[in-house]
Amino acid sequence: MASQNRPFHVFLFPFMAHGHMIPVADMAKLFAAQGVKTTIITTPLNAPTFSKATRSSKTNSGGIEIEIKTIKFPSQEAGLPEGCENLDSLPATPVLADSFFKAAGLLQEPLERLLLEDQPTCLVADMFFPWATDAAAKFGIPRLVFHGTSFFALAASDCVRRYEPFKNTSSDSEPFVIPDLPGEIKMTRAQVPSFIKDNTENDLTRLLKQSKEAEVRSYGIVVNSFYELEPVYADYYRKVLGKKAWHIGPLSLCNRENEEKAYRGKEASIDEHECLKWLDSKKPNSVVYVCFGSVAKFNNSQLKEIAIGLEASGLDFIWVVRKGKDDDDVSKEDWLPEGFEERMEGKGLIIRGWAPQVLILDHGAAGGFVTHCGWNSTLEGIAAGLPMVTWPVSAEQFYNEKLVTQVLKIGVGVGTQKWIRVVGDSVKKEAIEKAVTQIMVGEEAEKMRSRAKGLAEQARRAIEKGGSSHSDLNALIEELMSSHS
Ligand code: UDP
């Protein structure tokens, strides 16, 4: 049992992928800023990401330092190449992804050793560690789940899983309304994740099932969102789950200085000052930012379509391409049309590798965001008040798209129709040109921008003292403290 004499102490245990680690680094800063002793548990090769991301927190949190503890990642035991400790560093083969989840499944014992040693007050563990609920229970520690997505996506996927509406359609492209979910939200069978509709049992489907069961038995969930963004879905999911859920986001807003915004997850491939100088030379709301997160990776012909579409739009842009030094074909550059970069000089900036995303989105020159609808990116776009072109690829991204286009009405879909892991559905240059123009130019674009700016304003208020997210975080801490003492 957690001892009364010990200080209030939160353990955070994120899954080893950037989309999961980045918000948890921010969450650690938030807890520490409230004076809470905070420890992040991770593996040795992921530790530097957290130490860099949280280096400024000591000054922001009245001297509370975020501790980072490591446990060995059993790469070899699970048949992974040495040094593979992050999902993003895996070569894109499904077999290795399975091995990665297998390795993650072997972390229970080392985690339990740390829980025994430190006796934290609570454990916030990623949804991909279903066994964490039982591990914490052994020591009388409450376990909270962090999914890293929106209330909307949690609620929508719950309805799709429960009612299986995709079974009643005559084709992959016939739209159905998601049953029971407020708002008459439409999607198609082709957009439903394959692990839900394929009806086959495998390691991933078993893991997700265990994750659902563990969530029901957990103390509750913490959500990177703010109440005003999706009140109907926050209420709905709380009711469905029958558990407490605390909304404490947008987590990215805890990064206030440029230096903090520039380092999130990885060292950027462009100098922060060079990037800001480029943006400073542009008019307000004039630049389209194009980025597809840390996992999606398009083939060369899709990249070429994006290049041609952006050029045809005549708009200024920053385009992040996940091709770096490690790619064999980087020197060939055959994914770019002939003479593209020369023609785009001063008009379009290509960042090869990792961009300082939040720094760019928050700059006044940014005017629109072409996103794969990963939840972190979507919420960062909302917090920056930007209209979006939604280009979902896989995971729960098609649900996030529906929130943006059908509920919030701050974006237009580029037209991806199929859920396909990593590479996504293909999109033609004409569709890209049309969609970016729609969010940047004209009356509709202005309406979307004005709605997005309104949400950004509400997001900022939510995290200030007395705001909904700030209050919920404090309510969570107080509740855990009172059960602790
Ligand atoms: N990100 C970044 N620079 C990049 C690409 C991504 O800083 O070049 C960050 C982005 O700001 C977000 C996270 O990586 O916080 C990506 O998470 P998201 O949920 O959007 O997508 P995922 O990578 O999980 O598909």
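Both counts, for ligands and for their atoms, begin at 1 and track the order of listing.
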Face-on cation placement of Lys282 at Trp278 ring, 6.0 Å and 45° thresholds: yes

Between Phe152 and Tyr399, ring centroids under 6.0 Å: no

Centroid separation Phe100 to Phe73 less than 6.0 Å: yes

NZ or CZ of Lys304 within 45° of Trp335 ring axis and under 6.0 Å: no

Proximal protein residues to ligand 1, non-hydrogen atoms under 4.0 angstrom: Gly19, Ile22, Arg264, Cys291, Gly293, Ser294, Val295, Val320, Trp354, Ala355, Gln357, His372, Gly374, Trp375, Asn376, Ser377, Glu380

Candidates Lys402, Gln397, Glu396 - the one meeting side-chain hydrogen bond (donor to acceptor under 3.5 Å, both in side chains) with Asn400: Glu396

Cationic tip of Arg55 above Tyr263 ring, under 6.0 Å, 45° of axis: yes

